**Q** 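Pasting a structure here, questions to come.
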Amino acid sequence: MIDSGTPVTNVAQMAQPATVALFVSDLHLQASMPRTAEAFFRFLHDYARRTRQLYLLGDIFEYWAGDDDHEPFNRKVIDALRAVSDSGVEVFWISGNRDFLVGAEFAEAGGIALLPDPFVADIAGQNIVLTHGDALCTDDIGYMAFRAQVRAPQWQQEFLARPLEQRKAIIAGLREGSRAAQRDKADYIMDVNAAAVAALFDASGTAIMIHGHTHRPACHAIESNGAPRLRYVLPDWDCDAQEQRGGWLALTPDGKIERVGLDVIQTAS
Ligand code: MN
């Protein structure tokens, strides 16, 4: 026997160590941002397929008018997610404030499990509370009222009963209104509220929280109820802008949470 006992080294494995779970949010995928979509597809192909669980934590799509919107772009994203779930990875989804109309048909097509917001995940012996993050922005009173309205099952039923083109027109108007409103909002209003964060830590009994939404990537160490807690914030993605940004969090087998930047993905420029 030749070379018996020689460790087999796999270059791909060395470059990309195994992870237990990946967390990503706020891609704001839309056909008009092809480079961002391309970077996301590379992330799915090169990283998500090599992990055990993939958590999509909201605003993966810039908007979602309903599962009956079979736009080719949507189809492409669903197919890419399907390739991940077909490869044996568990794919989980928490809706964001932009894609909350995702439903059972989408989940079925992508091989995705829809989770409530918030959700406590038990991953490799660690309890982590996962949320998109918009529900924590309680200082934004106007948004919280809007959120309560559009998350009500009856509102959603009535909205989804409208013709698709009408829904898309309404959403376009809402997006424009939201852009205008954001320009006038104070900085702190657009961030999470400390008491809301503490309340979620206390209610979930976890030491770790992961969320997106605010586009303020960070890891905040805080104390709540006398115990240390870590709040990880995911970045948003934009590879169509001059200065590209994006990334994800990876949970390693030894229980570490690592931030991974877009530089590992060689985006075409
Ligand atoms: Mn959001």
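One-based numbering, in listed order, for ligands and for the atoms of each. Because the structure is a prediction, the values reported are computed rather than measured.
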**Q** How would you list, by chain and number, every residue that makes a side-chain contact (heavy atoms from CB on, under 4.5 Å) with Asp254, sequence neighbours excluded?
**A** Thr252, Lys256
**Q** Under 4.5 Å between side-chain heavy atoms, chaining through other members, with only Ile, Leu, Val, Met, Phe, Trp and Tyr counted: pull out the rest of the cluster around Phe119, sorted by chain and number.
**A** Val20, Phe23, Tyr55, Leu57, Phe92, Ile94, Leu115, Ile123, Ile128, Leu130, Ile208, Ile210, Leu230, Tyr232, Leu234, Leu249, Leu251, Ile257
**Q** Counting only protein atoms, how many N/O/S atoms are less than 2.8 Å away from the Mn ion (ligand 1)?
**A** 4
**Q** Could you see if Ile170 belongs to whatever hydrophobic cluster contains Phe100? Use Ile, Leu, Val, Met, Phe, Trp, Tyr and a side-chain cutoff under 4.5 Å.
**A**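 Per the 4.5 Å side-chain linkage, Ile170 and Phe100 are co-clustered.
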**Q** Quick one: side-chain hydrogen bond (donor to acceptor under 3.5 Å, both in side chains) partners of Arg82, sequence neighbours excluded?
**A** Asp86
**Q** Does the side chain of Trp64 reach to within under 4.5 Å of the side chain of Asp69, using non-hydrogen atoms?
**A** no
**Q** Salt bridge or not for Asp68 and Arg167, using N-O below 4.0 Å?
**A**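 Looking at Arg167 together with Asp68, the answer is yes, because their closest N to O distance falls below 4.0 Å.
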